[in-house]
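Below, chain A is the first sequence line, B the second, and so on; all start at residue 1.
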Amino acid sequence: MKALLIGQPNVGKSSLLNALTGARVIISNYPGTTIDFTKGEAKIKGKKYSFIDTPGIYNLFPSSMEEKVTEKIVLSADYDFIIQVADAVALERSLVITMSLIELGLPIILAINFWEEAEKKGIYVNEKKLEEKLGIKVVKINPIKRKGILQLVENIDKAKKSNFEIIYDDDIEFAIKEVMKRLPKTKLSKRGIAVKILEGDEEAIKKYGIDAASIKKKIGRHPNLSIDIQITKSGYASIVSKNVTELKAIKTGINKFDKILLFHPVIGQLFVLFTFTLIFLILIWLGGWFQDNLFSMFNKLIDFLMPFIHSKFASLLLENALTGLAAGIAVAIPYIGIFYVILSILEDSGLLSRFIIILNGLMKKIGLPGKAIIPIMLGLGCSAAAIKSTRILPEKEDRIKVSFLYSFIPCSSRTAIILGVVGHYAGIGYGLGIYLISFIIFIITAKILNISIKKEPMPIIEEMPSYRIPKIRNVVIKSWIRMESFVYVVIPLLIFGGLLYAILLQLNVVNAIIKPLNFITVGWLHLPEKSMIALFYGFLQKDLTPAMLANAVGTLNFGSVMTKLQIFTFGMASTFQVPCIIAFGMMGKEIGWKDVIMIEISMLLYGLFLTGIILRLFLLASILF
Amino acid sequence: MIEWLRILIDDILRLSREKNKPVSIKEIVDETNVDREDVRDAINEMEKEGLAKYKEKVLLTDKGKERAALLFKRHETIEKFFGGKEAHKIAHSLEHFEDKDIEYMKEMVEGKKESLKNFKEGMEGIIAASTISNPKIISRLIGVGMAPASYFRVEQVRSDAIILRIHNRLVVIDASIADKIFAVGIK
């Protein structure tokens, strides 16, 4: 049996999946964590059940990419039943989704979460009454405390279609019947699909090839049929919810912290600035500490092993492989790991969602929706993962814009270059300089993109989660899940890259490859010609950059072979690029290959061009002053 | 009683009230698109319940008139909250709920509709209507709880956005959207 978990963002689907199956699922305190499906399996009453967690939706009429993903799987009908997780505190909102599911004739179990919180607030949901009204099984759960799970499991085979009927006005009813006549036989209820088509739902129209324009024309009295259908459905949800909910003294009021943080235009933004500064200070201090200690450990290891190897080629291989590995473990992991831990704490506490509001005005100025701050912050971790998270943005244009901008949002791997290479060997001022320049170029580029990609950002309509104290276990698991792919994919790549370079050295072909590109490295960027190797590897994977630079110049002590300005230029050249081949592939998958090849080429040229220009500005400044 | 029969009776009552004079079977058939026989069944049932008498036209009794007035009021209530250009039609489809189901709305029907941007911090109200025509935005608004007839309290007003407590959750709405949402204030 296959069950879909459906519900609003942040309503507890992921924790329910955890409770049902023990799968490791990321639970966050901001909308939009589950941008992919997560699957978990469990054996119940001798039967195998698989549960699929879907991205949160506010409505079955999608207003963002992630909602589209969920709607698509709902309409696919490729499952046996649905468990809808509802929010007792705001039952009506959940019932809006229920109405659409019922209309599609889907077997449902309604699992009501947060009922304890609701009761604390004086809201009592009568699940028996709700069961009666809708004719489906209703169970109260608390997946975090594992309450009600047993009862849900007991009733897992009781999912059934509801007889509850939403009646529209006569004209709409007439249109529904007309559309139904044209529909082929389907697994879902024809009436439900007809309503979706009349609502103007893109997915349903595409799937069944009926756009109902002629039918809509016939009933000219509804100039905005979609809205009338939605409002009617919400009316039903509203009336049902009011009738199964008992309200005793409602507590209102807003958190004092929010009042200061959000309301004050200056304090709010200062707070965000302070948080970002703190993150960088921690990265510089703690990351640097790890980097130094881990590196010296690796150097000791290399020094220890070298005497045992007598073949020149073997020692070349070993040294390069270990340098690659050392760069991964000592330079990249500390920065990525620390960043993800901090980010998880920000998410789980509910602070990250506040950033959306605080920065809304600023984001609007650069033509992005306030919500874009989430994929942008994630981009400070790993761009590849962040690209996927752009699904939370409402329009494709926004996604393309942000994807362009990832070239100027230093991910952890690039942080390792900026702080670990530039900051460490040229001085922290240079490292911070790259951040500052990235930020300025980010703004300028966003402005330029606004001219070429025109689209008014969708106005902000967001929910703010309540503050919660982050759970250490959740933070650790989440950081690890986000780092996992890095450890398993990137580190082997690093070792392999090191080995490949050793072979190229042995075959003596390195010069032949890098010479023709001297006009870029030496001519435009004033860098040692061998740094091309590092830049090229960086194009594939940024974590390779420090390692390959070390390999290419023959030492980890970059300061001894390059001037400070050269290290600085090198840092910019390797930072201002499409993040890596993995991010490139991810972008292709998410927004289409044609757009991505355009992004890749234009960003590469743009980045190199800007680096050279900035270098020349520096040179000019040093002559003038 | 069968559901459709009750709905039909409600329709006949509402029609009589709207026309403010006795209606004929033909008028009822034209308005409701129901078969003649069904209309007859409904009228028979109305006679049995003492709501009306039939003499060429449907003549409402006092009890019938009272019931019709109640229906009309209910219609008006729903119309107020589930507004928009087609408020009348939508209200028509929702009015078949029982009276006690929409009791909560009636208390607020007296207030005046005002744009959400005129609401100040700490003010409370009920969402009534909007002039937004983008269905995606409507879908999102309903999804975060801003459906018609929802109670809210304004928690904060910023220059770019307004923060509401609605269904006990905090929701942020862009100022440009708040302009186009109308609500009835309480207190």
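- Taken from CD1 in A:Ile461 to CE in B:Met146, the straight-line distance is 8.0 Å, to the nearest 0.5 Å.
- Using a 4.5 Å cut-off between heavy atoms, A:Val89 touches chain B through backbone and side chain atoms alike.
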Evaluate B:Arg140 against A:Glu463 for salt bridge (Lys or Arg N to Asp or Glu O under 4.0 Å), listing each step before the verdict. CA-CA 10 Å; B:Arg140 183 93 184 171; A:Glu463 184 187 359; over 6 Å; no
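- Considering every non-hydrogen atom in both B:Asp160 and A:Gly361, the closest pair reads OD2-N, 3.5 Å.
- Per-residue counts of heavy-atom pairs under 4.5 Å with chain A were compared for B:Val172, B:Ile177, B:Leu141; the largest is that of B:Val172.
- To the nearest 0.5 Å, atoms NZ (A:Lys242) and OG (B:Ser150) are separated by 5.5 Å.
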Apply the test side-chain contact (heavy atoms from CB on, under 4.5 Å) to residues B:Ile163 and A:Met464: give CA-CA distance (whole Å), side-chain angles for both, the deciding distance (0.1 Å), then the verdict. CA-CA 9 Å; B:Ile163 298 163; A:Met464 259 194 297; 3.8 Å; yes
Which is it for A:Lys364 and B:Asp174 under the side-chain contact (heavy atoms from CB on, under 4.5 Å) test, yes or no, and what are the steps along the way? CA-CA 11 Å; A:Lys364 237 186 185 168; B:Asp174 202 285; 3.2 Å; yes
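- When all heavy atoms of A:Pro62 and B:Lys136 are compared, the pair lying nearest together is O-CG, 3.8 Å.
- Looking only at side-chain heavy atoms (C-beta outward), B:Pro135 and A:Glu199 stay at 4.5 Å or farther from each other.
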Go through B:Ile132 and A:Ile227 one step at a time and tell me if the side-chain contact (heavy atoms from CB on, under 4.5 Å) criterion holds. CA-CA 9 Å; B:Ile132 296 160; A:Ile227 290 178; 5.6 Å; no
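- Applying the side-chain contact (heavy atoms from CB on, under 4.5 Å) rule to B:Lys21 yields the partners B:Lys19, B:Glu27; only residues at least two apart in sequence or on another chain are considered.
- The local environment of CD in A:Gln269 is crowded, with over 12 non-hydrogen atoms from other residues, nucleotides or ligands closer than 6.0 Å.
- In this structure, CD1 in B:Ile127 is found 11.5 Å from OG in A:Ser238, a value given to the nearest 0.5 Å.
- Scanning both residues, B:Arg158 and A:Ile357, for their nearest heavy atoms gives NH2-O, 3.5 Å.
- Counting heavy-atom pairs closer than 4.5 Å to chain A, the top-ranked of the candidates B:Ile138, B:Val144, B:Ile173 is B:Val144.
- With a 6.0 Å cutoff to the six-membered ring centre and a 45° limit on the axis angle, B:Arg169 does not count as a cation-pi contact of A:Tyr58.
- Contact between B:Ile137 and A:Pro459 at its shortest, heavy atoms only, is CD1-CG, 3.9 Å.
- A:Glu117 touches chain B through its side chain: at least one heavy atom from C-beta onward sits under 4.5 Å away, while N, CA, C and O do not.
- Counting heavy atoms of neighbouring residues, nucleotides and ligands inside a 6.0 Å radius, atom CD of A:Glu202 does not exceed 12 of them.
- Contact record, B:Gly143 with A:Gln8: O-NE2, 4.2 Å, taken as the closest heavy-atom pair.
- Remark: B:Lys53 NZ is loosely packed, at most 12 non-hydrogen atoms of other residues, nucleotides or ligands lying under 6.0 Å away.
- The contact between A:Glu67 and chain B is made entirely by side chain atoms (from C-beta outward), counting heavy-atom distances below 4.5 Å.
- We find the CD1-CD distance between B:Ile142 and A:Glu92 to be 9.5 Å, quoted to the nearest 0.5 Å.
- Between the side chain of A:Glu462 and the backbone N or O of B:Val171, no donor-acceptor pair lies under 3.5 Å.
- A:Phe61 approaches B:Ser139 most closely through the heavy-atom pair O-OG, 2.5 Å.
- Per-residue counts of heavy-atom pairs under 4.5 Å with chain B were compared for A:Asp87, A:Ile166, A:Ile57, A:Leu60; the largest is that of A:Asp87.
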